Amino acid sequence: MAVAEFPVTFPVGDVEVSGVYARPDSPFGTLVVAHGAGAGMEHPFLIGFTRTLNDDGVATLRFNFPYREAGRKFPDRPPAAIAAWRAAMQEATRRGTEHGDSGPVWAAGKSFGGRMASMAVAEGMESAGLVYLGYPLHPPGKPEKLRDEHLYGLTLPMLFLQGTRDTFATTELLDGVVSRIGSSA
């Protein structure tokens, strides 16, 4: 039986963003999921990903960044995206607490959403772990411009799920980064 999904809104600074919350009976954890730069929370991949997790006993909250809510195409700058991450994690934690959930709350994101989650954690946002759905290790065609500095200070568990044809990270480069991060990745 499908888990019911509920539309939610929550403040990020002085704007409201929308999300979709789903909570199976007695979830063992919660995963907050952010979209990539080119698509919002209603992308079929994110819907399928979160629904599969719901079927496996994980509560989920997927949300839009403020730029998507405003209808802009260019992603928010890191301070605004990090503020959105903090607000989304607080919203997921609040909803879980209302139901008596005490399981871990993880952060996950597709590309831009995952990178912003890792930056938020590097700046002190609490999360049980990070799940990257295609980490944008470098801009397309610019493997010399790695976006990895902040990852080496993170000690929480990190799962990198990366396609072999991803233009934002070659397998070789990502394997090197994961190796340097160590046992938490």
Side-chain angles (χ1 to χ4, degrees), residues 17 19-20 22 29-56 58-69 72-78 80-82 84-86 88-89 92 104-123 125 127-185:
V17 298
V20 175
T30 300
L31 188 69
V32 181
V33 183
H35 58 80
M41 69 174 178
E42 294 302 329
H43 189 278
F45 172 78
L46 294 182
I47 292 171
F49 179 71
T50 55
R51 287 180 179 167
T52 299
L53 289 169
N54 298 150
D55 291 345
D56 287 338
V58 178
T60 58
L61 171 65
R62 57 180 202 276
F63 70 96
N64 276 332
F65 286 106
Y67 78 94
R68 272 316 266 195
E69 291 292 319
R72 296 188 310 265
K73 293 186 188 265
F74 195 74
D76 294 319
R77 303 285 303 151
I82 289 168
W85 257 112
R86 288 181 186 277
M89 291 294 280
V105 179
W106 285 58
K110 175 74 181 106
S111 195
F112 170 80
R115 186 165 71 94
M116 292 300 109
S118 67
M119 292 173 69
V121 168
E123 290 188 10
M125 181 182 82
S127 179
L130 291 162
V131 178
Y132 305 110
L133 307 171
Y135 188 84
L137 189 55
H138 58 75
K142 297 184 180 183
E144 71 282 359
K145 294 190 177 206
L146 294 184
R147 301 168 172 158
D148 62 341
E149 309 82 28
H150 67 285
L151 296 174
Y152 303 111
L154 303 180
T155 58
L156 72 172
M158 291 180 269
L159 176 63
F160 290 84
L161 302 171
Q162 198 84 13
T164 58
R165 295 179 297 189
D166 193 326
T167 59
F168 291 96
T170 65
T171 302
E172 284 180 56
L173 282 175
L174 187 61
D175 285 350
V177 167
V178 168
S179 177
R180 285 190 296 279
I181 291 171
S183 62
S184 61

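Remember, it's a predicted structure, so these values are computed and weren't measured experimentally.
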How long is the span from the [atom1] atom in [X] to the [atom2] atom in [Y], to the nearest 0.5 Å?
| X | Y | atom1 | atom2 | value |
| --- | --- | --- | --- | --- |
| Glu42 | Ile47 | CD | CD1 | 4.5 Å |
| Leu151 | Glu149 | CG | CD | 8.5 Å |
| Phe63 | Glu69 | CZ | CD | 10.5 Å |
| Ile82 | Met119 | CD1 | CE | 4.5 Å |
| Asp148 | Arg115 | CG | CZ | 11.0 Å |
| Asn54 | Thr60 | CG | OG1 | 3.5 Å |

In sequence, state the C-alpha distance, the side-chain angles, and the governing distance for Phe160 and Leu174, and then conclude on side-chain contact (heavy atoms from CB on, under 4.5 Å). CA-CA 9 Å; Phe160 290 84; Leu174 187 61; 3.8 Å; yes
Tell me if a side-chain donor or acceptor on [X] pairs with a main-chain N or O of [Y] at a distance below 3.5 Å.
| X | Y | result |
| --- | --- | --- |
| Arg62 | Val20 | no |
| Asp166 | Thr170 | no |
| Asn64 | Met41 | yes |
| Ser127 | Ala107 | yes |

Minimum heavy-atom separation for [X] to [Y], with atom names?
| X | Y | answer |
| --- | --- | --- |
| Ala34 | Gly113 | CB-CA, 3.8 Å |
| Pro66 | Asp76 | CD-OD2, 3.1 Å |
| Val105 | Met89 | CG1-CE, 3.7 Å |
| Val32 | Ala88 | CG1-CB, 3.9 Å |
| Ala169 | Gln162 | CB-NE2, 3.4 Å |
| Phe112 | Ala81 | CZ-CB, 3.9 Å |

If you apply the rule side-chain contact (heavy atoms from CB on, under 4.5 Å), what do you find for Leu156 with Val121, and how did you get there? CA-CA 9 Å; Leu156 72 172; Val121 168; 3.8 Å; yes
Check the pair Phe65 / His35 against ring pair (Phe, Tyr, Trp, His ring centres under 6.0 Å), numbers first and verdict last. CA-CA 8 Å; Phe65 286 106; His35 58 80; 5.0 Å; yes
Contacts satisfying side chain to side chain donor-acceptor pair (under 3.5 Å) that involve residues 171-185 (not counting sequence neighbours) are Tyr152-Arg180
Kindly indicate whether the side chain of [X], heavy atoms from C-beta on, has any atom under 4.5 Å from the side chain of [Y].
| X | Y | value |
| --- | --- | --- |
| Leu130 | Leu154 | yes |
| Leu133 | Ser111 | no |
| Arg147 | Pro139 | yes |

Where does the angle between the aromatic ring planes of Tyr135 and His150 fall among parallel (under 30°), tilted (30 to 60°) and perpendicular (over 60°)?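 Ring orientation, 0 to 90° scale: tilted.
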How are the rings of Phe45 and His43 set to each other: parallel, tilted or perpendicular (split at 30° and 60°)?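 Because their plane-to-plane angle is over 60°, the rings of Phe45 and His43 count as perpendicular.
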Verify side-chain contact (heavy atoms from CB on, under 4.5 Å) between Trp106 and Val131, making sure each step is shown before the conclusion. CA-CA 8 Å; Trp106 285 58; Val131 178; 3.9 Å; yes
Could you give me the CA-CA distance, side-chain angles and deciding distance for Thr50 and Leu31, then say whether side-chain contact (heavy atoms from CB on, under 4.5 Å) is met? CA-CA 8 Å; Thr50 55; Leu31 188 69; over 6 Å; no
